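Here's the structure, in structure tokens; my notes come after.
No experiment lies behind these values; they were computed from the predicted model shown. Note on naming: letters A, B, ... go to the chains in the order of the sequence lines (proteins, then strands), and numbering restarts at 1 for each one.
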Amino acid sequence: MLAKSKLLLLRRSHPPPPSTTLIRHCSTVSDSPESTITQVLKLLEPSDKNHWNSSKLNTLLFETLSSSHKHFLQISLRLGSSSKALTFLEYLSHNAPSTHHFSLSSAFQGALELSTEKQHPSLFSAFHGQPNSENNVLKLYEYRKSKNWTFPLTPKSGLILFQCFEKGQMIDDLVSFYKELDPSAKSSRLCNGMLRVLLKFGRVEDARQVLDEMLDPENVEFEPDDFTGEIVFGELVSRRSFVADEEVVRLVTKLGELEVFPDTFRLTQLISKLCARWKNRVAWEVLHAVMKLGCGVDAASCNAMLTGLGKERDIGRMNELLAEMEEMKIRPSVVTFGILLNHLCKARRIDEALQMFDRLRGKGESNVVGVEPDVVLYNTMIDGLCKVGREEEGLSLLEEMKTTTKHRPNTVTYNSLIDGFCKAGNINYAHELYNQMIAEGLQPSVITLNTLVDGLCKHGKVFSAVEFFNEMKGKGLKGNAATYTSLISAFCGVNNIDKAMQYFDEMLSSGCSPDAIVYYTLISGLSTAGRMDDASLIVSKLKEAGFCLDTACYNVLISGFCKKKKSERAYEMLIEMENTRVRLDTVTYNTLVSYLGKAGDFAAAIKVMKKMIKEGHEPNVVTYGAVINAFCLKNNVDEAMKIFKEMSATSKIPPNTVIYNILIDALCKNDDVKKALSLMDDMKVRGVRPNTTTYNAILKGIRDEKMLDKAFVLMDRMIEDACSPDYITMEILTEWLSAVGEIEKLKRFVQGYQVSSCTESLAEHFVG
DNA sequence: ATAGGGTTAG
């Protein structure tokens, strides 16, 4: 540096000889730009620009120095302060020929850069805070405006200004700055920054405009790069409103055409998010767009797509994607097989699932895919088997895990099996599995707890369930909403409303937050029990907790109010449904038709049915049942039979057991047992299975007509049809049969033996 | 990969 300046001094003392244009030209070439710049700086030293030697300066600047942006930038930077750079800029604005207009842009950039430089803390700034460099930058911008300077900003200037607006969070100013910005000042970096900031502040529309501009093939200077991709793909997975569904595909495609692709993680995330929002079609197109454009896609992204397709049971597309994976040599992972296996199990295609599982399990040549089942696959298979009642086969898989694989069964394995055995009614073995699990050192989870509690409840062992729950509480395991749902449902089922309410309170006091299901369960239980005031109380608690009633819940309430003859309360519910836009369904209409029919208000019932049809809910067998029942209650069995015959003839809605039960009951009550019996034959012909209620109805008619022989025949038929007598059956038969001295036959009947002929029953006796 | 709810006609 020192040597150079010596040389310069020397040169100044020996000015170049007067020269021709040619010589001058040559000297320009031979002179290093550095020396010219130094000369210029010397000339710019006087602080008053009136003292500048403009002819020398102009020659050096606009003739000697090559027309390069970087030289003018150098000069302004080396002036050392933004105010000096600004003075230089003023000078250029008056002296630069039009070919050198760019020099203004360069000088302005210099001024901007100088004003952002960290200033040394001085005594002044110690008292008045750091001088605000952003302010200076923005002042320069304002100054350029006030001078009506139209020279374009350089990309670097654009970036500096952008950063200042961003730091000051001056979003509106930033947007208008950007809108006025010359395209030549825009860079990918600046545009990416704009995108990021605009999205951060929710200026979605502005952000989209920036992006569209970047995607315009005209604008190669600021086309999207990997950073753009990161911002856009990140936004696509995080927000809903950024772009419409159709746009997602368009955007990914356009970016892909510029070779900006989401990485594996982002692509997988994007596909899962779209599938979670039920946008399978969009996810599918996104995946295929990037595949087509040559983006490397791996199994993880395909797995996300397969999961989404599985959720919508789109088997065709699942197969299509699998074929594509094979074609593109994307190796399926163990997760891929997990998805397929789970899908086959959920579709109850258990044998196909087993086939696939066996292929993976098969050692050597039969396992062509090279993926071995892991714990998840074993668990999926076991659960699938349990769900279709093949828990014994699930059990052998458990043994296989223990003996021939390195995959130890875990809590999930046992939970599935415990549930399987519970659902099969083998509570004892379920409990045995639980003990086995504990013996293996596995921790029971809340799902283990709930599975057993529910299993016990569903098999009438509510108090055992309570006992088990208490035992688990002792182990430090807390119940959740599902635990309490099972218990509440069970206690409501045995009409022990107080206990149900007690558990509801316990749930709240134990700090377990109730969900909608547990509210619905209790509301349903209370409504069925006719405790409509309590039900209403729980409804208001549900609402306080921020939940809404759904159609089924309203149905329960409407039905409850109707049974209590509180039609005005039922009506209130309907109004509320309308106001809260909860749609009525077939069950709602049937409930109303049934209530109106029972009340004998046929006109209103017909009105409701008309409305029902108008709203697109076709009457079903329950609607017919309600109407038939209404006529029967009005003692108009003929009309009821007419409707029944219509049903039988058209076969569009064939009568079911309940329809027959209503009619058999009504016919018997009308002393028309003969017709009732012929209906029973009709049932047999049409393959409609009678149940205990059917037999109770007919047996009552038989008893009232004192047709004893017929009673024995029907009792045999009842046994054949596997309809076990209930307390109503006993009420009908006990008094009658003991009065005629046939109590022995009743005993046999209860034990499940034939009663109509002695020999038969003896034979049965010996066999049994 | 595993657990819980509700309705209408008798």
Original post:
Near DNA chain B, which residues from residues 439-457 of chain A have a heavy atom under 4.0 Å away?
Top reply: A/Ile447, A/Asn450, A/Thr451, A/Asp454

Original post:
salt bridge (Lys or Arg N to Asp or Glu O under 4.0 Å) with A/Asp374: which residues, sequence neighbours excluded?
Top reply: none

**OP:** Using whole Å, report how far NE2 of A/His407 lies from C1' of B/dA1.
**Re:** 14 Å

Original post:
Among residues 377-388 of chain A, which residues get a heavy atom nearer than 4.0 Å to DNA chain B?
Top reply: A/Asn379, A/Thr380, A/Asp383, A/Lys387

Original post:
In chain order, what residues pass the salt bridge (Lys or Arg N to Asp or Glu O under 4.0 Å) check against A/Asp681, with sequence neighbours excluded?
Top reply: none

Original post:
Whole-Å distance between B/dG6 P and A/Ile497 CD1?
Top reply: 13 Å

**OP:** Would you please name every residue forming a salt bridge (Lys or Arg N to Asp or Glu O under 4.0 Å) with A/Glu731, sequence neighbours left out?
**Re:** none

Original post:
Looking at residues at least two apart in the chain, or sitting in another chain, which of them share a side-chain hydrogen bond (donor to acceptor under 3.5 Å, both in side chains) with A/Asp672?
Top reply: none

Original post:
Does a distance-only test, which skips hydrogens and angles, find a donor-acceptor pair under 3.5 Å between the side chain of A/Asn661 and the base of B/dA9?
Top reply: no

Original post:
Heavy-atom contacts under 4.0 Å between residues 475-488 of chain A and DNA chain B, which residues?
Top reply: A/Asn480, A/Ala481, A/Ala482, A/Thr485, A/Ser486

Original post:
Can a cation-pi geometry be assigned to A/Lys473 and A/Phe469, taking NZ or CZ under 6.0 Å from the six-membered ring centre and within 45° of the ring axis?
Top reply: yes

Original post:
Hey, can you pull the residues of residues 545-562 of chain A with a non-hydrogen atom under 4.0 angstrom from DNA chain B?
Top reply: A/Asp550, A/Ala552, A/Cys553, A/Asn555, A/Val556, A/Ser559

Original post:
So does A/Lys598 get a side-chain nitrogen or oxygen closer than 4.0 Å to the phosphate oxygens (OP1/OP2) of B/dT8?
Top reply: no

Subject >> Close residues, residues 338-353 of chain A, relative to DNA chain B [heavy-atom separation under 4.0 Å] >> reply: A/Asn342, A/Lys346

Original post:
What ring pair (Phe, Tyr, Trp, His ring centres under 6.0 Å) pairs are there with at least one residue in residues 625-660 of chain A, not counting sequence neighbours?
Top reply: A/Phe602-A/Phe631, A/Phe644-A/Tyr660

Original post:
With a 3.5 Å cut-off and just heavy-atom distances, do the side chain of A/Asn696 and the base of B/dG10 make a donor-acceptor pair?
Top reply: no

Original post:
Does the gap between the ring centers of A/Phe491 and A/Tyr503 come in under 6.0 Å?
Top reply: yes

Original post:
How would you list, by chain and number, every residue that makes a side-chain hydrogen bond (donor to acceptor under 3.5 Å, both in side chains) with A/Thr551, sequence neighbours excluded?
Top reply: none

**OP:** Pull out every stem in DNA chain B, meaning runs of 3 or more consecutive Watson-Crick or G-U wobble pairs with both distances under 3.5 Å.
**Re:** none

